[in-house]
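In what follows, a structure is listed as structure tokens, so that the remarks can point back to it.
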Amino acid sequence: MPFTALELALVALVAVYIAEKLVSHESFPDPRRLPYFWPVAVLLVAATISVFTSAERTAAAGLWKAYFIEPALGAYIVADVFRAREQLGKLLQGFFVAGIVVSVLTEMAFLFAVAVHRPHLVEDPVYVLYNTPNATGLFLGPLVAIAAALVLYGDRSERGLGVLFLFVGAPGLPSSFPRGARLGALAALILLAAVNTRRLLLLGGVAAASIVALLIPAVRRRIGHEFNPTDPYNSINTRVAVWKATLKMLSHRPIFGGGLSGFHEAIAPYKQPGGYSEQLLYPHNSFLTFWTETGLLGLVAFAWLLVDVVRRCYLAIRAHTPQHAYHVAFAAAWVTILVHGQLDVPILKNDLAWLTMALLGMHAAALR
């Protein structure tokens, strides 16, 4: 089971945290008292069971540690050690730096592709550092939502941080033409506008920006593929075929699904000729993915977590605490994750798993 550089950093974080606690003689907090503990704990139990129900146990154990255990430990540490609003901003700065690296490289690749007249740039977008163009939007989408929230609700330094990221980091999102990420970002902007006292003005601005975006030929062309059922670039057809095959597989394996890293093998007998030819790792939907990867228990835990996030964000935003900007930011980020997750999997990947769990840890700290 190999370790990535990100995993080694998280392991080092855990080691330093334990050493600091022992040296300072400070007690470890009871995790059961932390927000989000119970749904995350049930999800970890489901993931652990899925290692043993998978046909690829070594690969499953690798995903178990990389996508669940290490990020969850990191979230626990963040929830414990973050004691001030400024600390939340520092961790977000780290994610923003990572987002800017991804975005700038994507923008450079996009401009180069335009300069050399690369064919089918809209249908086959550029991507850098990742294996698919969707991965760019999966990482940048929540960060764009957080940055927009800081611009609207943060203090002076936080607004400056948000403006900087939107100016430098956000352009990488449209450069990769991600439809799911755009829907998620649009939903987040609607939420940010709806909870603002100037909601009518902001909602009008969101509507105007959406209309302007639709006037761009490349955007119309990208969206237009989805309205033509015979178009070879229509990704909805592919997703529907994947979802149908996944549901057929789950009807035979409703309790445990395919197990971690087991979707590719489990789905093979249920693929229809002409349905899809991709060697998919997941079924392009968060709920189906957690069901296939972590079983029915994992699906219940994921749904429980989403309900808990909505409940806590709603109550915190209504309370208008000193952490209001961050409560709104985390709510907007989760909206992008939830909406984009209907067409993709914005959690089960190394960077996305850490980003998701870090958001939970930061929100737990803000709530405390």
Side-chain angles (χ1 to χ4, degrees), residues 1-52 54 57-99 101 139 142-143 146 260-261 290 293-294 298 301-302 305 308-309 326 330 333-334 337 346-368:
M1 292 183 293
F3 281 82
T4 65
L6 174 59
E7 288 184 82
L8 293 175
L10 288 173
V11 171
L13 171 67
V14 174
V16 171
Y17 170 74
I18 294 174
E20 190 274 338
K21 285 285 190 180
L22 296 176
V23 169
S24 64
H25 301 288
E26 184 178 337
S27 61
F28 293 88
D30 185 347
R32 295 173 299 177
R33 297 177 179 268
L34 295 176
Y36 303 120
F37 168 76
W38 289 110
V40 170
V42 174
L43 184 59
L44 295 182
V45 170
T48 303
I49 294 172
S50 295
V51 173
F52 298 97
S54 173
R57 291 190 179 179
T58 301
L63 299 188
W64 173 79
K65 67 177 176 59
Y67 295 175
F68 295 94
I69 300 302
E70 293 158 356
L73 289 174
Y76 169 79
I77 294 170
V78 168
D80 177 30
V81 304
F82 279 28
R83 312 287 172 85
R85 177 169 173 162
E86 293 75 17
Q87 292 174 310
L88 297 174
K90 286 183 179 180
L91 184 53
L92 285 179
Q93 287 174 24
F95 279 114
F96 283 167
V97 169
V101 171
F139 184 62
L143 299 181
I146 292 172
L260 281 175
S261 192
F290 275 96
E293 294 294 301
T294 59
F302 179 62
L305 178 61
D308 205 16
V309 167
Y326 287 98
F330 298 142
W334 271 97
I337 291 171
I347 296 176
L348 297 186
K349 198 162 71 67
N350 292 68
D351 55 340
L352 302 179
W354 168 230
L355 173 61
T356 304
M357 285 295 182
L359 288 174
L360 290 177
M362 285 189 283
H363 196 217
L367 290 169
R368 295 178 70 210

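From a predicted model like this one, the values you see are computed outputs, not experimental measurements. All heavy atoms count here, side chains included; hydrogens, waters and symmetry mates do not. The first residue in the sequence is number 1, and the count goes up from there.
With contacts defined as side-chain heavy-atom distances shorter than 4.5 Å, the pair Y326/L92 qualifies. W334 has its side chain within reach of T356: a pair of non-hydrogen atoms, C-beta onward, lies under 4.5 Å apart. No side-chain heavy atom of P71 sits under 4.5 Å from any side-chain heavy atom of K65. Proximity of P142 to L355: side-chain heavy atoms (C-beta onward) are separated by under 4.5 Å at one or more points.
Taking the salt bridge (Lys or Arg N to Asp or Glu O under 4.0 Å) definition, one finds that D351 meets it with K349, sequence neighbours left out. Every residue two or more places apart in sequence or in another chain that forms a salt bridge (Lys or Arg N to Asp or Glu O under 4.0 Å) with R83 is listed here: E26, D80. Qualifying ring pair (Phe, Tyr, Trp, His ring centres under 6.0 Å) partners for F52, counting only residues two or more places apart in sequence or in other chains: none. Looking at residues two or more places apart in sequence or on another chain, you find a side chain to side chain contact (heavy atoms under 4.5 Å, CB included) between A84 and E86, Q87. R33 pairs by the side chain to side chain contact (heavy atoms under 4.5 Å, CB included) definition with D30, not counting sequence neighbours. In this structure, the ring pair (Phe, Tyr, Trp, His ring centres under 6.0 Å) partners of F96, at least two apart in sequence or on a different chain, are F165. Listed by chain and number, the residues in a ring pair (Phe, Tyr, Trp, His ring centres under 6.0 Å) with Y17 are F28 (sequence neighbours excluded). Considering only residues two or more places apart in sequence or on other chains, V45 meets the side chain to side chain contact (heavy atoms under 4.5 Å, CB included) condition with I49, L297. Under the rule for a side chain to side chain contact (heavy atoms under 4.5 Å, CB included), the partners of P346 that lie at least two apart in sequence or sit in another chain are L138, S286, I337. Contacts of N350 classified as side chain to side chain donor-acceptor pair (under 3.5 Å), with partners at least two apart in sequence or in another chain: none.
Atom CG of L348 sits about 8.0 Å away from atom OG1 of T294, to the nearest 0.5 Å. Once rounded to the nearest 0.5 Å, the distance linking CH2 of W354 with CD of E70 reads 11.0 Å. Note that CZ of F290 is 5.5 Å distant from CG of L43, once rounded to the nearest 0.5 Å. Atom CZ of R57 and atom OG of S261 lie 13.0 Å apart (nearest 0.5 Å).
Listed by first then second residue, pairs satisfying ring pair (Phe, Tyr, Trp, His ring centres under 6.0 Å) with a partner in residues 62-85 number zero, not counting sequence neighbours.
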Pair up each side-chain donor or acceptor in residues 357-368 with any protein partner under 3.5 Å, not counting sequence neighbours, and list the distances.
unit_1: H363; atom_1: ND1; unit_2: Y36; atom_2: OH; d: 2.7
unit_1: H363; atom_1: NE2; unit_2: H327; atom_2: ND1; d: 3.1
unit_1: R368; atom_1: NH1; unit_2: A79; atom_2: O; d: 2.7

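In this structure, L44 and A72 approach most closely via the heavy-atom pair CD1-CB, 4.0 Å.
Judged by distance alone, with hydrogens and angles left aside, the side-chain atoms of S54 form no donor-acceptor pair with the main-chain N or O of A60 at under 3.5 Å. A donor-acceptor distance shorter than 3.5 angstrom exists from the side chain of S50 to the backbone of E293, with no hydrogens or angles considered.
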Kindly indicate, with the supporting measurements, whether the criterion side chain to side chain contact (heavy atoms under 4.5 Å, CB included) is fulfilled by W38 and D308. CA-CA 10 Å; W38 289 110; D308 205 16; over 6 Å; no
